[in-house]
Amino acid sequence: MQMMSETVDLDGVDIAYRSFTPLGHANSNSAPVMLVHGMGGDSTTWDRFSRALTTHGRRVITVDLRGHGKSAHTSTYEFDSFGADLLALLDHLGLTEVDLVGHSLGGYAVSLVAQRRPQLVRRLVLEELPIPIRPGDAPPTLTGKMPSVTELWHAATSVFLHPRAVLAFDRSMTTTALEQFRRPNSQWWASLADITAPTLVLRGGPGGMVDPIRLDAMVAEIPICRVEAFRTGHSIHRDGYSAFEAAVLPFLTH
């Protein structure tokens with residue numbers, strides 16, 4: 001495969017992305033796949049899955065969200081801004097159809113794209129999306145989620161194995177993120193019915209962040225939606241890659 005890396009100015013914010021094109025498929029008519037990482041990570045978390053997708057003839061785009069990787073640090077990290085960045089990048093690339101895969105915060109970002117521009121999204125994958133609370137819901141108690149042994153090991157070694165992601169992450173967004181996780185988001189809930197893409201929701205096991213009650217409510221609102229459960233924690237594509245690929249690759253290549 002061929003890889004191209006670029007940083008573009010999108011409405012005053014520098015956003016870095018990489019594009020992977022399978023050899024011999026430069027003019028493929030298949031929709032590209034955009035992969036979006038979670039908070040604290042960067043686009044390299046998708047390298048293994050990018051190789052699998054290009055082997056199947058798909059072009060892949062991986063993004064560094066603002067405040068992550070090679071993208072710019074900014075003065076605001078409102079969750080909606082992450083979705084707006086993705087839409088601006090898709091417009092910059094001139095794409096008219098795309099498959100979207102998002103993990104955690106990236107899952108929220110791609111859900112916004114699917115809500116705001118439903119005709120653009122062919123397939124949607126939401127991995128361990130921390131589902132926003134609804135008006136009247138009790139605030140989530142994220143501190144009650146215990147990480148798995150595998151996640152603890154990855155956290156302890158990530159600074160050595162993935163120093164770029166750890167060192168580039170703008171930790172100032174952590175406080176803002178926690179505040180938003182605890183804030184009702186009625187607009188997001190009202191817009192779920194606007195998603196037209198077939199949607200696959202991936203739910204982890206112990207250490208996951210998906211609230212089961214809100215998950216059932218979310219699935220009921222999205223017109224075409226199903227859930228796959230895994231035994232891993234919050235990072236399914238990292239800690240249970242084989243199971244992740246077995247579920248997601250056929251969904252995207254169908």
Side-chain angles (χ1 to χ4, degrees), residues 3-20 32-47 49-50 59-95 98-117 120-121 124-132 142 155 158-159 162-183 185 187-188 191 195 209 234-235 237-238:
M3 192 274 283
M4 182 272 291
S5 178
E6 186 178 12
T7 299
V8 294
D9 182 335
L10 302 175
D11 298 323
V13 179
D14 286 344
I15 298 295
Y17 74 95
R18 296 182 298 160
S19 178
F20 300 87
V33 184
M34 177 175 280
L35 308 175
V36 187
H37 64 83
M39 190 165 68
D42 69 3
S43 62
T44 62
T45 190
W46 297 112
D47 285 354
F49 192 47
S50 295
R59 178 188 175 195
V60 178
I61 300 160
T62 61
V63 185
D64 285 343
L65 293 172
R66 62 168 64 194
H68 298 78
K70 295 182 178 179
S71 291
H73 291 195
T74 64
S75 60
T76 178
Y77 291 107
E78 290 295 320
F79 283 173
D80 284 8
S81 66
F82 294 103
D85 290 341
L86 296 183
L87 274 171
L89 178 58
L90 290 166
D91 287 342
H92 170 80
L93 296 173
L95 299 178
V98 67
D99 289 350
L100 296 176
V101 180
H103 172 234
S104 195
L105 173 60
Y108 180 82
V110 299
S111 75
L112 291 179
V113 175
Q115 291 176 352
R116 295 175 181 177
R117 202 84 65 80
L120 180 64
V121 184
L124 179 66
V125 180
L126 306 175
E127 178 193 351
E128 271 288 300
L129 165 68
I131 302 170
L142 299 179
S158 61
V159 70
H162 306 287
R164 192 191 89 171
V166 173
L167 298 175
F169 173 53
D170 186 353
R171 288 165 178 77
S172 72
M173 78 176 67
T174 305
T175 299
T176 303
L178 290 175
E179 290 173 351
Q180 292 175 87
F181 281 134
R182 296 187 174 99
R183 186 190 310 160
N185 191 334
Q187 181 60 53
W188 184 86
S191 300
I195 297 175
M209 294 179 64
H234 185 54
S235 297
H237 72 279
R238 181 192 66 190

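Side chains are part of it too, since the values below use all heavy atoms of this structure and drop only hydrogens, waters and symmetry mates. Remember, predicted model here, so these are calculated numbers, not experimental data.
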>> If you compare all heavy atoms of G38 against all heavy atoms of S104, which two are closest, and at what distance to 0.1 Å?
In response: CA-CB, 4.1 Å
> For the residue pair S111 and I195, what are the closest heavy atoms and their distance?
Replying inline: O-CD1, 4.4 Å
> S172 pairs by side-chain hydrogen bond (donor to acceptor under 3.5 Å, both in side chains) with which of D170, T176, T175, T174?
Replying inline: D170
> Side chain of T7, backbone of D14: donor and acceptor closer than 3.5 Å?
Replying inline: no
>> Nearest 0.5 Å, please: how far is CZ in R171 from NE2 in H73?
In response: 9.0 Å
> Which heavy atom of D42 sits nearest a heavy atom of T44, and at what distance?
Replying inline: OD1-OG1, 2.5 Å
> In this structure, which one of L112, V110, L10 forms a side-chain contact (heavy atoms from CB on, under 4.5 Å) with L86?
Replying inline: V110
>> So which atom in V98 and which in L100 form the shortest heavy-atom distance, rounded to 0.1 Å?
In response: CG1-CD2, 3.9 Å
> Do other residues, nucleotides or ligands put more than 12 heavy atoms under 6.0 Å from the CD atom of E6?
Replying inline: yes
> Which of parallel (below 30°), tilted (30 to 60°) and perpendicular (above 60°) describes Y77 and F82?
Replying inline: parallel
>> Given 3.5 Å as the limit, does a donor-acceptor pair link the side chain of H68 with the main chain of A168, or not?
In response: no
> CG of N185 to CG of D80: how many Å apart, nearest 0.5 Å?
Replying inline: 6.5 Å
>> Between L95 and M34, does the side chain to side chain contact (heavy atoms under 4.5 Å, CB included) criterion hold? Intermediate values first, please.
In response: CA-CA 11 Å; L95 299 178; M34 177 175 280; 5.5 Å; no
> At their closest point, which heavy atom of V113 faces which heavy atom of G83, and how far apart are they?
Replying inline: CG2-O, 3.9 Å
> With a 4.5 Å heavy-atom cut-off, do F49 and R238 have their side chains touching?
Replying inline: no
>> Using the rule given for side chain to side chain contact (heavy atoms under 4.5 Å, CB included), can you reason through Q180 versus L105, listing the C-alpha separation, both sets of side-chain angles and the distance that settles it, and then say yes or no?
In response: CA-CA 11 Å; Q180 292 175 87; L105 173 60; over 6 Å; no
>> Checking the side chain of E128 only, and the main-chain atoms of M209 only, is there a donor and an acceptor separated by less than 3.5 Å?
In response: yes
> Just by distance, do the side chain of D64 and the backbone of A16 share a donor-acceptor pair under 3.5 Å?
Replying inline: no
>> Can you give me the closest heavy-atom contact between E127 and S235, atom names plus distance?
In response: OE2-C, 3.7 Å
>> Can you tell me how far apart CG (L65) and CD1 (I15) are? Round to the nearest 0.5 Å.
In response: 7.5 Å
> For residues 83-92, which residue pairs qualify under side-chain hydrogen bond (donor to acceptor under 3.5 Å, both in side chains), counting only residues two or more places apart or in two chains?
Replying inline: R66-D85, D91-R117
>> Restricting to side-chain contact (heavy atoms from CB on, under 4.5 Å), what partner residues turn up for T62, sequence neighbours left out?
In response: R18, F20, L35, S43, W46, S50, V60
